Amino acid sequence: MKLEWKDDLDLDMIAESGQCFRWQKTGQEGEYRIPFRRELLYIRRIDDTHFDLSCKERQFERTWRSYFDLGRCYRDIRSMVCEEEDPVLYRAQQLGAGIRVLGQDPWEMLITFIISQRKNIPAIRLAVEKLARAAGDPLEGRNGEIVWSFPTAEQIAGMSEQALAEVKLGYREKYVRKAAEDAAAGRICLEEMEQMDLESCGKALREIYGVGRKVADCVALFGLHQLDAFPRDVWINRGLAEDYGGEENFPYDRYHPYNGIMQQYLFEYFRNRPRETGSFH
DNA sequence: GCCCAGGGATCTT
DNA sequence: AAGATCCATGGG
């Protein structure tokens, strides 16, 4: 189907934004292949105001409209930032215009961000892909290509010790194993967390073994669509220290309830700007 | 609150 | 080739 869309939606920026790790470029101009639950979408921009999607209208309405958070105007949210008041974020949102916070699967986000600790983005991609191949189901894409679905809690819990060890998750393996067992047994219920406010679901998430403040905020933001969650990773902490004199000085109240969207602009900005190498003083 | 191990891939030198 | 770092956390 053809989608007319005039608000922010830059596929390359989203793919690089560190919220999704399984988008793949297909080789066709600007096109991405996106696995979500048991579906696959091929999407590319046609022109300034149009996109081509491999799904039918009905499937778009049922699944992909919310996946891309198309019920919200990101230009309006960006316009909350005042150039004089907050020049750093103002610049960040200018450069990051096109980013959206996706509505991804909570379980996939939980496991992905448990895996993400002390890894860089290419390494996270590799580990998630290995896990999907080891325990997911094959989905048939275009031209008969196979993409592996993200494994369910039951599928991960059912993996042999050897099979899980081959994914080479290191010390995170025990976290992933326990989360899968607890979710399969109903001791972790992400569906319940979808009904909670940020404080409650943040607390519930941090009770999961291997989930601290950072991972909880990522799952809340990217998996439970809590747009006020503000994950602090090394890039954000470094940037807030340099430009705001510390993370405590960021004007969170000013951007409530969209601090998580602002975090995405800052993450992109801090991560892509040139770094001091320390090789000369 | 502070400190450090834990594993492997990637980035830097 | 080797060392540092990586979207952190749990436990001491």
Side-chain angles (χ1 to χ4, degrees), chain A residues 13-23 92 96 99-102 104 106 108-134 159 161-182 188 202-244 246-248 250 259-281:
Chain A
M13 274 190 198
I14 295 170
E16 295 305 310
S17 69
Q19 56 177 311
C20 50
F21 299 90
R22 301 201 66 205
W23 286 30
I99 294 174
R100 306 183 76 81
V101 173
L102 303 173
Q104 300 185 80
E108 178 173 340
M109 291 300 100
L110 174 62
I111 297 302
T112 297
F113 282 99
I114 286 176
I115 290 172
S116 80
Q117 29 187 306
R118 289 304 284 186
K119 280 183 181 294
N120 50 33
I121 290 172
I124 299 166
R125 286 205 174 96
L126 181 70
V128 169
E129 226 37 65
K130 273 191 204 165
L131 182 63
R133 179 173 277 272
M159 291 173 79
E161 264 186 52
Q162 192 196 348
L164 189 55
E166 280 172 7
V167 183
K168 300 204 177 295
L169 298 175
Y171 65 89
R172 307 163 194 85
E173 182 180 315
K174 57 185 180 291
Y175 304 149
V176 171
R177 168 76 73 185
K178 186 165 194 317
E181 288 171 354
D182 287 350
I188 294 173
K203 197 176 166 191
L205 286 166
R206 283 193 304 272
E207 285 172 11
I208 299 169
Y209 183 49
V211 176
R213 186 176 74 157
K214 161 62 175 54
V215 172
D217 280 333
C218 284
V219 178
L221 179 58
F222 304 127
L224 299 172
H225 216 65
Q226 289 282 352
L227 296 182
D228 212 33
F230 191 93
R232 294 99 190 256
D233 56 66
V234 291
W235 292 103
I236 288 289
N237 285 332
R238 191 184 291 146
L240 291 184
E242 287 170 5
D243 292 348
Y244 291 83
E247 64 164 63
E248 69 279 8
F250 185 75
N259 281 294
I261 294 175
M262 302 310 176
Q263 189 271 5
Q264 286 292 281
Y265 298 132
L266 289 174
F267 178 69
E268 196 73 358
Y269 176 67
F270 291 147
R271 194 164 63 110
N272 291 328
R273 76 177 169 183
R275 265 186 80 190
E276 301 293 329
T277 59
S279 54
F280 57 91
H281 291 115

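No experiment lies behind these values; they were computed from the predicted model shown. A note on names: the letters A, B, ... follow the listed sequences, proteins ahead of strands, and every chain is numbered from 1.
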Whole-Å distance, A/L205 CG to C/dT9 P, equals 11 Å
inquiry  = Under 4.0 Å, counting only non-hydrogen atoms across every strand here, what does A/K168 touch: a base, just sugar-phosphate, or nothing?
reply    = sugar-phosphate
Checking N1-N3 plus N6-O4 or O6-N4 for Watson-Crick, or N1-O2 and O6-N3 for wobble, each under 3.5 Å, the partner of B/dT12 is C/dA2
Here the distance between atom P of C/dT9 and atom NZ of A/K178, to the nearest Å, is 16 Å
Separation of C/dC6 atom P from A/F267 atom CZ, nearest Å, is 11 Å
Using a heavy-atom cut-off of 4.0 Å across all strands, would you classify A/K174 as base, sugar-phosphate, or nothing?
nothing
| request: Describe the nucleic acid contact of A/G18 in one word from base, sugar-phosphate, nothing, applying a heavy-atom distance below 4.0 Å. | output: base
Could you go through the side chain to side chain contact (heavy atoms under 4.5 Å, CB included) check for A/L169 and A/I114 one step at a time? CA-CA 10 Å; A/L169 298 175; A/I114 286 176; over 6 Å; no
The residue, A/Y209 or A/Q19, whose nearest nucleotide of DNA chain C is more 5′ is A/Q19
Here the distance between atom P of B/dT10 and atom NZ of A/K130, to the nearest Å, is 9 Å
Atom CZ of A/R125 and atom C1' of C/dC6 are separated, to the nearest Å, by 14 Å
At under 4.0 Å between heavy atoms, what does A/R271 touch on the DNA or RNA strands: base, sugar-phosphate, or nothing? nothing
(Q) Mind checking if A/I121 touches a base, just sugar-phosphate, or nothing, with heavy atoms under 4.0 Å? (A) base
Contact check, residues 111-120 of chain A vs DNA chain B, heavy-atom distance under 4.0 Å, returns A/R118, A/K119, A/N120
One should read off an interatomic distance between A/E173 CD and A/M159 CE, to the nearest 0.5 angstrom, of 8.5 Å
In whole angstroms, the gap separating P of B/dG8 from CG of A/L131 amounts to 16 Å
Taken to the nearest 0.5 Å, the spacing of A/R22 CZ from A/T112 OG1 works out to 8.5 Å
Q.
Base, sugar-phosphate or nothing for A/P122? Non-hydrogen atoms, less than 4.0 Å.
A. sugar-phosphate
A/M109 atom CE is separated from C/dC7 atom C1', nearest whole Å, by 13 Å
Say you pick atom C1' in C/dC7 and the same atom in B/dC2; how far apart are they, in whole Å?
-> 23 Å
Within-4.5 Å side-chain heavy-atom neighbours: A/Q104 and A/F21: no
Ignoring backbone atoms, establish whether A/R238 has a side-chain N or O less than 4.0 Å from OP1 or OP2 of C/dT5.
no
In terms of relative ring orientation, are A/F222 and A/F113 parallel, tilted or perpendicular, with 30° and 60° separating the classes? parallel
### Query
Charged N to carboxylate O below 4.0 Å: is that the case for A/R273 and A/D243?
yes
CD1 of A/I261 to CG of A/L221, rounded to nearest 0.5 Å, is 8.0 Å
- [ ] State, yes or no, whether a side-chain contact exists between A/F250 and A/I236 at a heavy-atom distance under 4.5 Å.
- [x] no
From CZ of A/F230 across to P of C/dC7 the rounded distance in Å is 16 Å
